[in-house]
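Because the structure is predicted, anything quoted here is derived from the model rather than measured.
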Amino acid sequence: MRYFRLFAAAVMAFVVLESWAVDIIPTPLKYEKRNGVFTILTTTKITHYQGLRSSANYLAEHLPLQIREYNGASAGDIVLSTNKNLSEEEYFLDISQQGITIEGGSAAGLHNGIETLLQLLPSTVYSGDVALPAMLTACHIEDRPRFEYRGFMLDVCRTWMDKEKVKRFISNLAHHKINHLHLHLSDDEGWRVEIKSHPELAEVGGFRGVDSPVAARYGRWDEHYGGYYTHEDIREIVAYAAERNIEIIPEIDLPGHSHNLARVRPEVLCNYTPGLKASDGYDTRSVMCVAKEENYALLEDVIRELSELFPSPYIHIGGDEVSTSQWERCPDCQALMRREGMSEARELQDYFTRRVAAIVEKYGKHPGVWNEAARGNALPQGALVYGWESVKACQDATSKGYRTVVMPGEYFYFDMRQSRREEGHDWAAIFDAKKPLSFGFEKFTDEQMAHVAGVQASFFSEAYISRLEYDYDFLYYQTYPRICALSEVAWCGRGAEWEEFYARLKNSHYSRMVAMGIDFRLFPPTVNYKDGVLTASTDDRSHIYYTILGEQGEQLYTQPIRTDHPERYAFLTRSGGAHSPEAGVAKRFSRLQPKVKITSSITESERFPYSNAEGYGRISRTSRTGRDGDWILYTFEQAVECRRLEVRTGNLQLPRYIFNAGYMEVSYDGKTFTRVGELKNGGAAIDNPKRAIKAVRVVCTESGNGADFVTVQEPMVFPIL
């Protein structure tokens with residue numbers, strides 16, 4: 001009987017693994033199923049050829065087997081070797097009844113082969129507790145990437161992420177065969193890398209809020225918030241990434257996005273006195289002066305140290321979203337324009353780019369830039385251009401002969417929200433994993449394709465810091481499974497049919513990501529209501545839960561619900577740390593738009609008057625920042641009965657341009673007000689008011705917000721259900 005149970009278990013493992021064998025992400029170039037199986041036993045060894053110990057160690061981190069160097073005998077082992085006839089990242093993976101062999105064109109190719117092997121094993125291989133023996137279907141795989149650059153940009157400026165968090169993110173990128181991490185190390189909100197020749201850049205600029213000269217933004221308003229990487233941290237991160245076939249490209253964003261640098265070193269700014277009345281005395285400028293020679297000396301020190309810290313041949317120097325208005329007011333910049341024969345201020349960006357690119361090349365590196373910096377003629381031909389604005393921006397850069405990383409925001413900015421009711425930005429597009437998977441190069445000519453280095457996605461972290469307290473990791477919710485789609489496009493050079501790709505996700509890859517500890521986004525369940533019966537279903541084997549309006553906690557959905565009030569129910573699915581957005585009948589998520597008049601102690605912006613928010617759908621702005629005692633009043637034409645009324649200052653997708661502190665009060669008669677809650681991240685709400693509300697007011701209790709205006713939003717009024 002015992003023998004039979006073991007045999008049955010082995011057969012079951014074989015059946016499951018066989019079904020997984022083709023569910024590989026990204027799709028291999030060639031997969032051939034063969035007869036037989038190979039069983040990995042606890043006595044199986046990882047045998048490596050000379051110089052490949054690091055690759056063997058990496059595999060052993062996931063598959064706990066003894067490691068040995070090849071000595072002429074390898075029957076029954078997992079053998080790692082290189083093959084000079086293969087390109088650098090190419091690999092062959094062969095599973096036969098006699099053993100497993102992985103050949104790579106280099107250690108990089110071996111890494112790719114190892115990642116494919118891990119996907120053929122039970123998903124527990126990613127959580128460190130894979131059970132042996134494990135049976136694998138015999139097969140032969142030949143594979144190589146279409147693009148040598150498969151990247152992801154991680155913004156650690158707006159939301160600080162320590163080295164352990166970055167290393168964990170690197171590990172998960174590696175499992176998806178992403179081989180470049182573009183690390184966004186400076187921006188308006190933070191400077192995240194130690195510069196020993198100018199220690200104040202990180203020691204002061206690595207933090208903001210409270211006693212820092214840098215004002216708080218996006219959250220954690222009452223904290224001295226931040227951090228930075230020491231040289232030792234950077235070396236550790238770089239080495240960790242290299243072991244996983246990932247090259248780290250550092251970015252210092254210049255000459256715009258330099259507000260943090262300017263608060264630490266005000267002398268980098270243009271030579272004029274700005275008007276600071278609207279910002280309550282706070283200098284909001286964010287562009288370096290192009291005319292100051294001292295600025296180039298400072299940047300040379302920075303670039304010299306970065307070139308020593310990062311082995312990558314590239315240093316990204318920014319170049320995006322540079323406002324020329326400060327240069328136009330600067331007498332020194334105007335004098336420089338006259339000396340250089342310039343007719344427009346935008347030519348100063350070319351001048352700056354040319355100067356800084358020359359410094360980068362002086363230290364043996366090539367500059368990386370955002371696509372705006374490629375519009376002129378300032379870049380050396382060895383520059384790497386990142387096309388973020390549009391597909392056309394990528395085409396333009398390739399047409400000029402620049403190696404171009406394709407990453408148009410409407411496909412590859414993973415900080416965008418994934419549906420209209422989810423969180424995140426929406427300026428580029430609203431999309432889930434289907435959109436990046438649909439990306440193709442049909443609009444590129446052969447000549448343009450010759451200059452496409454690869455594909456990259458990004459996560460700018462402005463909306464992350466205010467969500468760190470969530471019980472799931474918002475970073476991973478926003479990026480997975482969209483990174484799975486990125487992996488497919490970047491490796492194969494094209495997307496895939498959604499239904500086929502989704503089958504691979506839900507059949508196998510979801511369980512892998514659960515084992516990796518990724519809090520990814522599941523697709524919402526399907527909800528239907530007919531003949532008094534409410535039903536919910538999902539096709540990914542996740543568990544469905546529901547909440548009932550006015551009741552605490554979630555309940556496991558096990559059967560249809562008979563109800564006359566389907567709008568009171570909301571459904572979501574969970575699997576490990578992954579979850580879906582809520583779903584329900586349309587009325588569950590409806591809002592009211594009662595007529596409202598907005599007034600304030602602060603005059604309105606001429607460009608963004610309060611009538612914008614009164615009409616629902618557009619934002620309004622004040623003419624200056626808030627001061628202690630300022631208020632914004634919403635008065636309804638008719639008193640409003642509702643289950644929830646919420647008002648927010650600042651942008652809806654992230655807390656910026658807000659009342660940093662204050663409270664909310666409501667009035668039932670339009671005259672007498674009752675305080676009902678403190679502002680959190682610029683907003684507050686009242687739930688289940690006992691009477692109809694005539695007016696609501698938010699009151700500021702802290703002067704300044706690091707900007708020169710406050711954003712005023714429409715009131716959010718939720719009906720009684």
Side-chain angles (χ1 to χ4, degrees), residues 152-173 181-241 246 248-254 257-265 286 298 301-302 305-306 308-310 315-316 318 415 458-470 472-476 478-479 519 654-656 660 681 706:
F152 193 88
M153 193 230 70
L154 184 62
D155 168 17
V156 296
C157 294
R158 280 59 176 265
T159 302
W160 163 240
M161 304 176 208
D162 64 25
K163 68 177 180 182
E164 294 305 321
K165 187 158 192 170
V166 172
K167 285 164 63 177
R168 179 171 176 254
F169 197 79
I170 286 169
S171 179
N172 290 320
L173 288 179
L181 176 62
H182 169 183
L183 207 53
H184 192 70
L185 290 169
S186 82
D187 211 299
D188 291 333
E189 296 77 16
W191 185 285
R192 301 299 184 207
V193 59
E194 177 186 32
I195 303 298
K196 290 190 174 182
S197 56
H198 300 277
E200 72 283 357
L201 296 182
E203 290 176 0
V204 179
F207 301 87
R208 90 293 178 279
V210 188
D211 57 347
S212 171
V214 186
R217 288 183 182 175
Y218 306 127
R220 304 284 177 101
W221 307 100
D222 56 352
E223 293 183 27
H224 185 72
Y225 172 83
Y228 62 91
Y229 308 112
T230 65
H231 281 207
E232 291 72 25
D233 292 336
I234 291 294
R235 293 188 182 98
E236 183 179 335
I237 292 170
V238 166
Y240 185 87
I246 291 179
I248 296 185
I249 297 175
E251 179 190 357
I252 302 297
D253 204 351
L254 305 166
H257 287 274
S258 295
H259 174 71
N260 179 280
L261 173 61
R263 294 302 294 168
V264 178
R265 297 282 296 266
S286 61
L298 169 64
D301 289 340
V302 171
E305 292 194 32
L306 292 179
E308 294 167 355
L309 279 174
F310 292 92
I315 293 177
H316 199 300
D415 42 276
S458 69
F459 178 81
F460 284 98
S461 63
E462 302 100 321
Y464 188 22
I465 180 175
S466 58
R467 294 163 173 85
L468 290 174
E469 62 193 39
Y470 286 7
Y472 65 93
D473 196 323
F474 184 70
L475 166 63
Y476 284 97
Q478 288 294 98
T479 54
D519 295 344
L654 51 84
R656 187 180 177 189
N660 280 10
N681 290 328

Can you name the one residue among Leu183, Asn260, Asp187 that meets side-chain contact (heavy atoms from CB on, under 4.5 Å) with Cys157? Asp187
Note, Thr479 side chain near Asn172 side chain (heavy atom, < 4.5 Å): no
Please list, chain by chain and in numerical order, all residues satisfying side chain to side chain contact (heavy atoms under 4.5 Å, CB included) with Ser466, sequence neighbours excluded. Pro655, Asn681
Qualifying salt bridge (charged side-chain N to carboxylate O under 4.0 Å, His left out) pairs, either residue in residues 228-240, two or more places apart: Lys163-Asp233, Lys163-Glu236, Lys167-Glu236
Given side chains that start at C-beta, do those of Leu185 and Glu251 come closer than 4.5 Å, heavy atoms only? no
Flag the pair Tyr470 / Asp519 as yes when at least one side-chain heavy-atom distance between them is below 4.5 Å, and no otherwise. no
Hey, could you give me the CZ/CZ distance between Phe474 and Arg467, rounded to the nearest 0.5 Å? 5.0 Å
If you measure from CG on Leu261 to CD1 on Ile252, what distance do you get to the nearest 0.5 Å? 9.5 Å
Student check: side-chain heavy atoms of Tyr240 and Ser171 closer than 4.5 Å: yes
Closest heavy-atom pair, Asp253 versus Ser186, reported as atoms and distance to 0.1 Å, is N-OG, 3.0 Å
Considering only heavy atoms from C-beta outward, does the side chain of Val302 approach that of Trp191 to under 4.5 Å? yes
For residues Met161 and Asp155, report the shortest heavy-atom separation together with the two atoms involved. CE-O, 3.3 Å
Describe, in one word, how the ring planes of His182 and His316 are oriented to each other, choosing from parallel (under 30°), tilted (30 to 60°) and perpendicular (over 60°). parallel
Atom CD1 of Ile246 and atom CZ of Phe152: how far apart are they, to the nearest 0.5 Å? 11.5 Å
Testing Val193, Ile315, Ile234, Leu181 one by one against Pro250 for a side-chain contact (heavy atoms from CB on, under 4.5 Å), which residue passes? Ile315
Would you mind reporting whether His259 and Arg217 have side-chain heavy atoms less than 4.5 Å apart? yes
For His224 and Val210, which heavy atoms make the closest approach, and how far apart are they? N-CG2, 3.5 Å
Value rounded to 0.5 Å, distance of OH in Tyr228 from CH2 in Trp160: 9.5 Å
Residues 195-212 vs salt bridge (charged side-chain N to carboxylate O under 4.0 Å, His left out), sequence neighbours excluded, gives Glu200-Arg265
CA sep, side-chain torsions, deciding dist, call: Ile170, Ile237, side chain to side chain contact (heavy atoms under 4.5 Å, CB included): CA-CA 9 Å; Ile170 286 169; Ile237 292 170; 3.8 Å; yes
First locate atom CG of Leu468, then atom OG of Ser461, and finally report the distance between them rounded to the nearest 0.5 Å. 9.0 Å
Got a donor-acceptor contact below 3.5 angstrom from the Arg192 side chain to the Ala202 backbone? no
In this structure, CD1 of Ile249 is separated from CG of Leu306 (nearest 0.5 Å) by 13.0 Å
Would you mind reporting whether Glu189 and Ile465 have side-chain heavy atoms less than 4.5 Å apart? no
Could you check whether the rings of Phe459 and Tyr464 sit parallel, tilted or perpendicular, using 30° and 60° as the cut-offs? perpendicular
Is there a donor in the side chain of Glu305 and an acceptor in the side chain of His231, or the other way round, less than 3.5 Å apart? yes
Between Asp415 and Arg158, does at least one N-O distance fall below 4.0 Å, as a salt bridge requires? no
Residue pair Ser258 / Asp188: nearest heavy atoms and the distance that separates them: N-OD1, 3.1 Å
